[in-house]
Structures are given as structure tokens and as C-alpha cells.
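Inspection log for the structure reproduced underneath, given as C-alpha cells.
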Amino acid sequence: MEKFNVINFLKILLLIAFTILFLFPTVWMFVSSTKSVAEIAKEIGTIHSFIPNFSNMSSWLDPYKEMFSRFNFGLHFFNSVLYSCVIVFGSLVVNSLAGYALATFDIPFKKYITATLLILIIFPFQSVLIQIFIIINEMNLTNTVWGLALPHIGSAFNIFLFMVFFKKIPKELRESAYMDGASDWQIFTKIAVPISKPIFMTIGILVFVGSWNDYVWPLMVFTETNKYPLSVAVNIMNETKPIYLNQVMAGLTVTTIPILFVYIFGQKYIMPQNSTTGIK
């Protein structure tokens, strides 16, 4: 019994150590975004750099106000929200339909298509970045939302995940729906989708985080600075002189907050659910 308690205690200490290790850069970023540049320079390397200045709370938002007015950050924030929503919605629709078709229908060469998906998963998006840009440019989609979104919507990895999940749905559900006169589209929208919330939410979060943090592709597609998302705007802000560290930290904080909210409010939907719902 003593050995068991000691092991648990060591595990807790290890988890606490890892938590502190991963959290302290985020805490420092947020705290620095509420201070002046002089305060950051004075307190750097001390414990005070992780403690907000509670004696002057009225000045906490000053770096944010300066950052938004100086770099038109509100526009870039709207751009990121728009681009991410378009990519997430398109990705969920296209990849779920493709995965459902591979999981349920007798498609010619299904085995070869599945094998091709596994091969495509190996190759990262960056390996074909130049070729995709040439295609987007030939289609006159540069400097447009669709030029940014289309290459990210179709994903071999996401199609494969949907296919694996949909295969777990019992055939009895579809067969009973067919007997009641339901079409394939009705079965997909009224049976498959409602009981597949975990995979939709999981892929939605992965796609959102990936599109929100994407830097290279938006920089290639857009030539007008007013169309840049936050990921590019923060880098420009970090290179525009004079550089104010508190404003940079404020920009990074604003960029991080939506991702935290997505994880916090979406994690309850990622819990595994029983796909046999409806089977008596």
C-alpha cells in the first residue's frame, strides 16, 4: 500500500512539473502584455515577470489598445475568423461525405482508393506547396478566400478518420432506415451525423487550430496586407520598428485566446460515444 501511494505521489509531482513547464511561457506572455516595456525589461529573469502589476490595473489594457490602433489588428482578427470558419465548414462537409461513401458504399476500386489515402497521409502539405500555388495562380484564385481555403479543405488524413469512424456504425441502423423508406442522404444527415459528434468535433478542432496558426500559405496566397490573418500580422508586427515587446505579447495573447476557447468548450464533445445508439 505504501509503495502504491509513493508511486501516485511521484506521478502527481511529475504532472505538476510538466504543467508548470508548459504553462509558464503562456503565463509570462499574458502578464507581459499588461505591462510597459520598461517594466518588462526591469523584471525580466525574476519572479515578478510572472506576476501582474495589481497596483496599476487600469493600465493593463493600454498595450492592447495601442496594438489594435497601430496595426489594425481587428481587421486581421476578423480575417482569421472568416478563413478558419470557411476551412472548417468545408473540411467537415467534404471529408465526412467522402469518408461515409468509402465506409458504406460498394465503390469500384475501394481498396486502391483507401491505399492511396494512406500513401497521401505520409506526404506533408509543405512538400507540394509550390505545385499547389501554381495551380491556384492558374485558376486566378490568388488573393481570395477560396485560394486560401480550397487546398486545406480536402484532407486524406481526415477522410481516413471519418471512414474508420463511420465503419463502426452498425449496419442494422442503415438497414432499418432503408426499410422505413429513408434515402442515403437522410441516413447520413439524420443517423450518421448525429451519432458522430466526437469525430466531427475532433476533426473540427484539428482543422481550426491548423488553419488559425497557418503562416506560410496565407503569406504566399495574399499580396494585400489588409487580407492577412493574425498569424501573418503578428510576425509583421514583430518586424515593424519600433518594436514594443508588450504590444507583441498582446498580439500573441489575442491570437492564443480563440484556440483556448475552442479546446475548453469543445473537449466535452470529443469524449467517445457508443455508436450503437438506437439498437435494441
Side-chain angles (χ1 to χ4, degrees), residues 5-81 83-84 201-202 204-206 208-216 218-219 225 228-271:
N5 290 333
V6 170
I7 292 176
N8 283 344
F9 179 73
L10 292 176
K11 287 181 179 179
I12 293 174
L13 286 180
L14 185 62
L15 290 175
I16 293 175
F18 274 107
T19 302
I20 294 174
L21 180 65
F22 284 107
L23 281 183
F24 89 87
T26 304
V27 174
W28 180 80
M29 176 187 69
F30 171 73
V31 172
S32 298
S33 69
T34 64
K35 297 181 178 180
S36 65
V37 177
E39 287 178 310
I40 297 175
K42 180 181 178 181
E43 299 173 353
I44 193 71
T46 66
I47 190 63
H48 296 287
S49 61
F50 297 94
I51 302 174
N53 187 0
F54 292 103
S55 62
N56 191 18
M57 295 177 62
S58 60
S59 64
W60 282 13
L61 295 179
D62 290 344
Y64 291 88
K65 294 176 182 178
E66 295 168 359
M67 179 263 300
F68 271 94
S69 61
R70 185 183 174 196
F71 297 99
N72 198 10
F73 223 65
L75 175 63
H76 298 300
F77 185 87
F78 173 78
N79 290 341
S80 288
V81 173
Y83 303 154
S84 297
M201 186 57 65
T202 301
I205 290 176
L206 293 175
F208 178 84
V209 173
S211 60
W212 187 268
N213 292 328
D214 192 16
Y215 171 77
V216 176
L219 192 62
T225 56
Y228 283 155
L230 280 180
S231 56
V232 180
V234 169
N235 187 69
I236 293 176
M237 179 177 64
N238 197 30
E239 295 177 351
T240 303
K241 296 182 179 180
I243 301 174
Y244 300 104
L245 186 57
N246 57 348
Q247 295 181 18
V248 174
M249 294 298 106
L252 293 173
T253 301
V254 172
T255 305
T256 306
I257 287 175
I259 298 177
L260 293 178
F261 273 104
V262 168
Y263 274 118
I264 291 172
F265 292 103
Q267 62 179 351
K268 63 180 180 180
Y269 297 103
I270 306 179
M271 298 299 293

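Every value quoted in this text rests on a predicted model; they were computed, and no experiment measured them.
Interatomic distance, Tyr64 OH to Phe73 CZ, rounded to the nearest 0.5 Å: 10.5 Å. For the atom pair Leu61 CG and Ser33 OG, the distance stands at 9.0 Å (nearest 0.5 Å). Atom NE2 of His48 sits about 12.0 Å away from atom CD of Glu39, to the nearest 0.5 Å.
Phe78 CZ: 12 or fewer foreign heavy atoms inside a 6.0 Å radius.
Between the side chain of Ser80 and the backbone N or O of Leu230 there is at least one donor-acceptor pair closer than 3.5 Å.
The minimum heavy-atom distance between Asn79 and Tyr228, with the atom names listed, is ND2-O, 3.1 Å. Between Gln247 and Arg70, the shortest heavy-atom distance links the atoms OE1-NH1, 3.2 Å. Leu219 and Val232 make their closest contact through CD1-CG1, 3.8 Å (heavy atoms, listed as atom of the first residue, atom of the second, distance). Nearest heavy atom pair, residue Val248 against residue Met237, reads CA-CE, 3.5 Å. The two residues Glu66 and Ser69 come nearest to each other via the heavy atoms O-OG, 3.1 Å. Across Val81 and Trp212, no two heavy atoms sit closer than the pair N-CZ3, 3.7 Å.
Side chains of Phe71 and Val234 form no contact here, defined as non-hydrogen atoms less than 4.5 Å apart. Counting heavy atoms from C-beta on, the side chains of Ser231 and Asn213 never come closer than 4.5 Å. Looking only at side-chain heavy atoms (C-beta outward), Trp60 and Phe54 come within less than 4.5 Å of each other. Looking only at side-chain heavy atoms (C-beta outward), Leu14 and Leu10 stay at 4.5 Å or farther from each other.
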May I have the list of side-chain donor-acceptor pairs in residues 16-29 shorter than 3.5 Å, sequence neighbours left out?
{"unit_1": "Thr19", "atom_1": "OG1", "unit_2": "Leu15", "atom_2": "O", "d": "2.7"}
{"unit_1": "Trp28", "atom_1": "NE1", "unit_2": "Ser32", "atom_2": "OG", "d": "3.4"}

Quick one: side chains of residues 249-259, donor-acceptor pairs under 3.5 Å with protein atoms, not counting sequence neighbours, listed by atom name and distance.
{"unit_1": "Thr253", "atom_1": "OG1", "unit_2": "Met249", "atom_2": "O", "d": "2.8"}
{"unit_1": "Thr255", "atom_1": "OG1", "unit_2": "Gly251", "atom_2": "O", "d": "2.8"}
{"unit_1": "Thr256", "atom_1": "OG1", "unit_2": "Leu252", "atom_2": "O", "d": "2.7"}

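Applying the side chain to side chain donor-acceptor pair (under 3.5 Å) test to Asn246 and every residue at least two apart in sequence or in another chain returns nothing.
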